Amino acid sequence: MKILVIRISSLGDVILTTFTLRLIWQKFPNAHIGFLVSTEYAPALHFNPYIQNIIEYDKNLPFSKHIRNTLSIYSQSHYDVILDLQNNLRSRIYTIGKAKKIHRFDKRRLYKLSLVYLNKRQPYFEYIPILYKNSFPELINFDDGLGLELWTTNDKNGVYKPFYRQPKLRNVARVAIAPGAKHFTKRLPQKLVIQTIEQFLEKFNTEIFLIGGKSDASYCSEMVIDSTRVFNICGEFDVTGTAAFLDECDVVVSADSAVVHIASARQIPIVVVYGSTVPEFGFAPFRVPHEIVEMNDVSCRPCSHIGRSKCPLQHFNCMEKITSQKILEAVNNLITKPKSA
């Protein structure tokens with residue numbers, strides 16, 4: 001069987017597909033699995049043993065040229081099944097006449113609109129990896145109970161070895177903080193991060209590493225309040241390098257960004273701080289010990305499912321009202337949480 005999975009962007013979404021990739025492989029261990037993904041996010045899949053062919057989408061090419069290149073690749077083979085997890089105009093064009101059966105991800109537009117405009121938050125929500133799996137109901141109708149995967153060069157001989165480690169801040173420990181995000185209303189305010197770092201340094205014998213992409217380096221530079229214990233390493237690693245670095249950390253504190261899913265894939269306990277978004281969109285940490293910090297009494301949130309360039313009401317209370325004490329309490333909860341959690 002030949003199967004093509006399409007998820008062009010973004011980094012977090014690509015990592016979230018790895019749950020489904022593993023289930024496909026478990027059900028069809030002899031299948032030939034291809035993956036269409038943006039060039040900049042392809043490294044997240046480079047060491048994944050379930051994929052035999054990565055087809056890269058170069059966003060720097062004109063769309064017309066990219067279609068010709070992609071169709072040229074496709075013309076060499078047709079697929080039995082295409083799993084379109086992007087489900088937009090481009091992904092639909094790529095699937096024309098290329099498979100006997102096409103499954104498309106339900107983007108749940110009405111559900112997201114009800115969250116944003118009606119504030120209909122739910123006590124229960126479905127995680128995106130589960131929804132990805134459910135896009136393939138005729139063939140994948142089981143769940144192995146495991147989480148995400150992000151393979152690195154450290155996973156030797158095809159053996160995936162991330163493990164849950166109880167965070168211990170009693171001795172010298174490593175704490176990774178990822179304040180950045182593509183959209184302003186998901187980004188952790190500098191003042192909040194600095195106050196959180198101050199409390200970490202005061203209460204624990206620890207080292208703090210500020211992580212993120214190259215675009216976060218300048219933003220995080222002002223948070224280095226103690227150059228002997230706080231280190232800005234934004235932009236120093238690619239996605240697999242970041243995953244390998246997080247393997248050496250005891251806990252991660254992050255905005256609602258791709259770092260959440262990288263940490264989840266490596267089974268690193270994580271505290272996620274939500275601003276304009278909410279866990280009900282389905283992008284919460286998946287099957288990893290975690291704590292969520294958010295301001296539930298800010299009635300205007302969520303105001304977006306992806307974040308905004310500025311607060312539409314110009315107060316940014318969803319982030320400005322969060323305190324460093326709430327983040328420290330969440331970290332303490334992870335420290336005391338039983339290993340089986």
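Computed from a predicted structure; not experimentally measured.
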Examine the side chains of Tyr124 and Glu126 and answer whether a donor and an acceptor come within less than 3.5 Å of each other.
-> yes
Indicate, with yes or no, if Leu21 and Phe142 share a hydrophobic cluster defined by side-chain heavy-atom contacts under 4.5 Å among Ile, Leu, Val, Met, Phe, Trp and Tyr.
-> yes
Would you check if Thr153 and Thr240 make a side-chain contact, meaning some heavy-atom pair closer than 4.5 Å?
-> no
Describe, in one word, how the ring planes of Phe245 and Phe237 are oriented to each other, choosing from parallel (under 30°), tilted (30 to 60°) and perpendicular (over 60°).
-> parallel
Residue pairs passing the salt bridge (charged side-chain N to carboxylate O under 4.0 Å, His left out) test where at least one lies in residues 28-46, sequence neighbours excluded | Glu40-Lys59
Donor-acceptor contact present, side-chain Arg22 to main-chain Tyr50, <3.5 Å | no
What's the shortest heavy-atom distance between Ser276 and Arg308, and which atoms?
-> OG-N, 4.5 Å
Worked check of side chain to side chain contact (heavy atoms under 4.5 Å, CB included) between Met295 and Asn317 | CA-CA 8 Å; Met295 295 303 301; Asn317 285 341; over 6 Å; no
So do Phe200 and Leu328 actually touch side chain to side chain, heavy atoms under 4.5 Å?
-> yes
Lys321 NZ to Lys326 NZ distance, which is reported to the nearest 0.5 Å = 12.0 Å
Take Ser264 and Arg287 through the side chain to side chain contact (heavy atoms under 4.5 Å, CB included) test and state the conclusion after the steps.
-> CA-CA 7 Å; Ser264 297; Arg287 293 179 178 172; over 6 Å; no
Give the cluster check for Leu146 versus Ile130: same hydrophobic cluster or not, with ILVMFWY residues linked at side-chain heavy-atom distances below 4.5 Å.
-> no
Assess whether side chain to side chain donor-acceptor pair (under 3.5 Å) is satisfied between Thr95 and Asp84, documenting all intermediate values.
-> CA-CA 8 Å; Thr95 63; Asp84 179 6; 5.4 Å; no
Residue pair Thr17 / Phe35, side-chain heavy-atom distance below 4.5 Å = yes
Only counting residues at least two apart or in another chain, list the ones meeting ring pair (Phe, Tyr, Trp, His ring centres under 6.0 Å) with Tyr274.
-> none
Looking at side-chain heavy atoms only, is the closest gap between Asn87 and Arg92 below 4.5 Å?
-> yes
If you round to the nearest 0.5 Å, how far is CG of Leu148 from CD1 of Ile128?
-> 11.5 Å
Heavy-atom check, side chain of Ile270 versus side chain of Ile268, under 4.5 Å | no
Arg266 side chain vs Ala244 backbone, donor-acceptor pair below 3.5 Å = no
Spell out, yes or no, whether Tyr132 and Ile306 are grouped together once hydrophobic residues are joined by side-chain heavy atoms under 4.5 Å, including indirect joins.
-> no
Check for a donor-acceptor pair, side chain of His315 on one end and backbone N or O of Leu313 on the other, with a separation under 3.5 Å.
-> no
Under 4.5 Å between any side-chain heavy atoms of Tyr94 and Ile82, yes or no?
-> no
Please walk me through it: do Leu188 and Thr196 pass side chain to side chain contact (heavy atoms under 4.5 Å, CB included)?
-> CA-CA 11 Å; Leu188 305 188; Thr196 301; over 6 Å; no
Honestly curious: do Phe125 and Leu113 fall in one hydrophobic cluster under the side-chain, below-4.5 Å linking rule?
-> yes
Got a donor-acceptor contact below 3.5 angstrom from the Asn232 side chain to the Cys234 backbone?
-> yes
Value for CD1 (Ile3) from CG (Leu83), rounded to nearest 0.5 Å, stands at 8.5 Å
Residues Asp247, Arg174: salt bridge by 4.0 Å N-O rule | no
Testing Phe47, Trp151, Trp25 for ring-ring contact (aromatic ring centres under 6.0 Å, His included) with Tyr160, which one passes?
-> Trp151
Kindly state each residue pair satisfying side-chain hydrogen bond (donor to acceptor under 3.5 Å, both in side chains) with at least one member in residues 210-220, sequence neighbours excluded.
-> none
Between Phe316 and Thr185, is any pair of side-chain heavy atoms under 4.5 Å apart?
-> yes
Val5 and Thr20: side chain to side chain contact (heavy atoms under 4.5 Å, CB included), yes or no, with the steps?
-> CA-CA 10 Å; Val5 178; Thr20 297; over 6 Å; no
In one Ile/Leu/Val/Met/Phe/Trp/Tyr side-chain cluster, 4.5 Å: Leu36, Leu89 = yes
What residues, two or more places apart in sequence or in another chain, satisfy salt bridge (charged side-chain N to carboxylate O under 4.0 Å, His left out) together with Asp106?
-> none
Is the backbone of Val272 close enough, under 3.5 Å, to the side chain of Ser254 for a donor and an acceptor to pair up by distance?
-> no
Just by modelled atom types, is the Val14 backbone N or O under 3.5 Å from a matching donor or acceptor in the Thr18 side chain?
-> no
Salt bridge (charged side-chain N to carboxylate O under 4.0 Å, His left out) involving Arg7 - partner list, sequence neighbours excluded = Asp13
What pairs with Ala258 under side-chain contact (heavy atoms from CB on, under 4.5 Å), at least two apart in sequence or on another chain?
-> Leu11
Which pairs, with at least one residue in residues 111-125 and sequence neighbours excluded, count as a salt bridge (charged side-chain N to carboxylate O under 4.0 Å, His left out)?
-> Arg121-Glu280, Arg121-Glu294
Expected output: side-chain His78 to main-chain Lys100 donor-acceptor under 3.5 Å | no
According to the salt bridge (charged side-chain N to carboxylate O under 4.0 Å, His left out) rule, which pairs have a member within residues 25-35, sequence neighbours left out?
-> none
With sequence neighbours left out, what residues match Asp238 under salt bridge (charged side-chain N to carboxylate O under 4.0 Å, His left out)?
-> none
Ile292 and Pro279: which non-hydrogen atoms are nearest, and at how many Å?
-> CD1-CG, 3.6 Å
List for me each residue that meets salt bridge (charged side-chain N to carboxylate O under 4.0 Å, His left out) alongside Lys101, sequence neighbours excluded, and say none if there are none.
-> Glu138
Ring pair (Phe, Tyr, Trp, His ring centres under 6.0 Å) filter on Phe19, not counting sequence neighbours, yields Phe286
Candidate pair Lys2 and Asp80, rule salt bridge (Lys or Arg N to Asp or Glu O under 4.0 Å), full reasoning = CA-CA 5 Å; Lys2 301 188 70 173; Asp80 297 293; over 6 Å; no
All ring pair (Phe, Tyr, Trp, His ring centres under 6.0 Å) counterparts of Phe283, not counting sequence neighbours | none
With distance as the sole test, does Gln190 use its side chain to make a donor-acceptor pair with the main-chain N or O of Met223 at under 3.5 Å?
-> no
Within-4.5 Å side-chain heavy-atom neighbours: Leu210 and Ile197 = yes
Quick one: does Asp58's side chain have a donor or acceptor within less than 3.5 Å of a partner on Ser38's backbone?
-> no
Side-chain H-bond candidate by donor/acceptor type, Asp256 with Thr277, under 3.5 Å = yes
Taking Asn141 for the side chain and Pro137 for the main chain, is one N or O donor matched with an acceptor at less than 3.5 Å?
-> no
Hey, are Lys133 and Asp143 close enough for a salt bridge, meaning a charged N less than 4.0 Å from a carboxylate O?
-> no
